[in-house]
There are 2 protein chains.
Amino acid sequence: MNKKKEITIYDIAKELSFSPSTISRALNDHHSISDKTIKLIKETAQKMGYRPNSIAASLRNNKSNTLGIMISRINRPFIASLISGVESRARKAGYNVIITQSNDIYKNEVDNAQALYDSRITGLVATLAMETKDYSHFQQFIDQGTPIVFVDRVPKGLNAYYVIIDNYMAGYKATKHLIEQGCTRIAHFAGAQHRNIYGERRKGYEDALLEHGFTVDPELLCEFSTLSFSEGKKATKNLLALPNPPDGIFSANDTAAVSAIMYAKKHGVRVPQDLAIVGFNDDPIASIVDPGLSTVSHPAQKMGKISAQLILDHTEKDDDDLTEIKMLKTELLIRESSLRKKGPVDLPLGKQQKADTN
Amino acid sequence: MNKKKEITIYDIAKELSFSPSTISRALNDHHSISDKTIKLIKETAQKMGYRPNSIAASLRNNKSNTLGIMISRINRPFIASLISGVESRARKAGYNVIITQSNDIYKNEVDNAQALYDSRITGLVATLAMETKDYSHFQQFIDQGTPIVFVDRVPKGLNAYYVIIDNYMAGYKATKHLIEQGCTRIAHFAGAQHRNIYGERRKGYEDALLEHGFTVDPELLCEFSTLSFSEGKKATKNLLALPNPPDGIFSANDTAAVSAIMYAKKHGVRVPQDLAIVGFNDDPIASIVDPGLSTVSHPAQKMGKISAQLILDHTEKDDDDLTEIKMLKTELLIRESSLRKKGPVDLPLGKQQKADTN
DNA sequence: ATAGCACTCGAAATCGATTGCATAAATTAT
DNA sequence: ATAATTTATGCAATCGATTTCGAGTGCTAT
């Protein structure tokens, strides 16, 4: 092996006949070292090719300059944006970011929690796996005073920060919008009901119906386990085969909503005239599908940045109270998939396209 | 603060009147500790709530059980899948994964390289920023014997592993397919030419044209800096306004290709009859846009897994030769955007849809 | 002139896990 | 029965940076 020897502060100390303490202090701009000495030491360090060993520093300081992320799967637009936000904010502050994905499996989430704990992360940003119903694997972080920020899919009642959106109101507004567009039988594609976001979106849907004089028809309420493309397709098929099919669908995500649009189109059901559809998330596919999918947009990147910031701020405080809840605004983006009435609408017109590169 | 004291192997040692050495060995199933003692120590560790401090282990072992990832931006389907593959393979082997994104900016890439180096990562998986032309920030890893796996967007001539696809052949086949579909004036949306993937795709395009008796018309060669949606739209507009507009486009990514489809549709140009289009990557939008976008699919997740595996395998060898090149197969997925001729085609029919969840 | 203070810097302990060397006991081989 | 192993464990150094005590120098104020 041809490994070059690594330069440590001891090497610099020997070179300059200083003590390692002085080197360390100089490199960290400690006030008790003269400017001249600091300059000399930094220049020498540079010249010798010194690079700090952050592992050693982490051990000594008992903190790792690392944030941990627990998510279901990276390969989803909302999640990718969330991570992106966490990473960019964290790195600006000199923190690394470790990612772990559960693939929505509870056991993976527990294992990942162990791995992140063992890495002595400074803080944790977590969205729950679809399966997760027990939260005891988070207790170790709380016991150690390691701040947790739960984002989007969150548990109830843990001593942690929360960064969420108002799912109830978003579901309410989306359904109300469909009603205003003249829909009288509105179906709902719902996710697993023990997960807060799906339960709340559904509640918003139901309340909007009830407040406008409709009833909640169980026939029109489709509960999905994953809200996948194929699940959406199958549900759409069933709905359209009903003796009294719906004329509107509010889907708890865009994937299932898009599958509904595509199925409907293929079978001669006009969107939005025969079937108006609203999704959730504003994934890239929402602005690509034809007709464009009306949907609820999350500020995903922003949620990530805020999550990272909460942790960074927390480490500078000395109290261990962290019950702050940040609820961010969503926006109902109205595209063609739900726009039946011409003329002015009292809601903002959604963006039609999104730029992206590769 | 209410932090519980952390349990270390010293605490276990005191509790059981063993030495810390014995505790350490027992927890690692060292052969020189009796089964009985191992069992006792592990049970006690469990009972006391012991959790290993991987930072301390990393310092002592001078390796971190961490892989580093350098990518342009997470928020792209190909990249997200790549990361997903690295993460899942790495975690199975007990490694953490640190992500860094450059946003295609050279300076960020250099800074991220420093941060990853300072974290003493076991290995690095990297795809280059669009801007990057100088590779000296990778030298420090090579000097230390830290393996680098370059994926997709790779530099030339560094002592590293490579995981790539045959961009030349993919570009050649895509163009040939358009020719076979009857196109006679085929445009190309090209990316920055100093980046290998875009240069190679273009070369494949040009050679396919030449070999089939066409010439390369500079008017039809559009070089993009980012291959974004808006860039694609503008280029399509220009092309269609030509006195002699193209009847086919091979785009080096899907985003620009989809923008071309949407622009053409909006302006009464029929796809594929008047304008056949092939993209690259098989992003989710490719199977959502109408007509479905023919495209070249990458095995992104697999590339990630292979990259992680190369590093894991490398750490078990003791030679420092790492010039292995893995070239993976791509597949031309033919959808409606390029399918002019009915009847049998000598290429496999692409998948029409992809499932995803949220 | 001497106490008081600011400024520079060093010695040594510390963070927690690992491991080469040494030791002692137990088992096997000759 | 004695030598040769094997088994089981401890001591102490080590990884590299940080930090608590000090200690020494030079300067100002009284």
Once hydrogens and angles are ignored, does a donor-acceptor distance under 3.5 Å link the base of D:dG10 to the side chain of B:Arg25?
yes
To the nearest angstrom, how far is B:Tyr10 atom OH from C:dT14 atom P?
11 Å
Working to the nearest 0.5 angstrom, can you tell me the gap between B:Ile79 CD1 and B:Ile71 CD1?
6.0 Å
Using a 6.0 Å cut-off, check whether atom NZ of B:Lys302 has over 12 heavy atoms from anything other than its own residue.
no
Between C:dA11, C:dT19, D:dG16, which one does the side chain of A:Ser19 approach most closely?
C:dA11
Of the options D:dT18, D:dT9, C:dT19, whose atoms approach the side-chain atoms of A:Ala57 most closely?
D:dT18
A:Ser21 side-chain N/O to C:dA11 phosphate OP1/OP2 under 4.0 Å
no
From the candidates D:dT18, D:dG10, C:dG16, the one with an atom nearest any side-chain atom of A:Asn61 is D:dT18
Proximity to the side chain of A:Arg60 - top-ranked nucleotide from D:dG10, C:dC9, D:dA17:
D:dA17
Figure out the CD1/P separation between A:Ile41 and C:dT8, and round it to whole Å.
12 Å
Could you check whether the side chain of A:Ser58 and the base of D:dA17 have a donor-acceptor pair of N or O atoms closer than 3.5 Å, going by distance alone?
no
Output yes when a side-chain donor or acceptor of B:Glu109 lies under 3.5 Å from a complementary backbone atom of B:Ala129, and no otherwise.
yes
What's the closest nucleotide to the side chain of A:Ser24 if the choices are D:dT19, C:dA17, C:dG10?
D:dT19
From C:dA17, C:dC9, C:dC15, nucleotide with atom closest to B:Tyr50 side chain:
C:dA17
Do A:Leu67 and A:Asn96 touch side chain to side chain, with heavy atoms closer than 4.5 Å?
no
Answer with base, sugar-phosphate or nothing: what part of the nucleic acid does A:Asn62 contact at a heavy-atom distance below 4.0 Å?
nothing
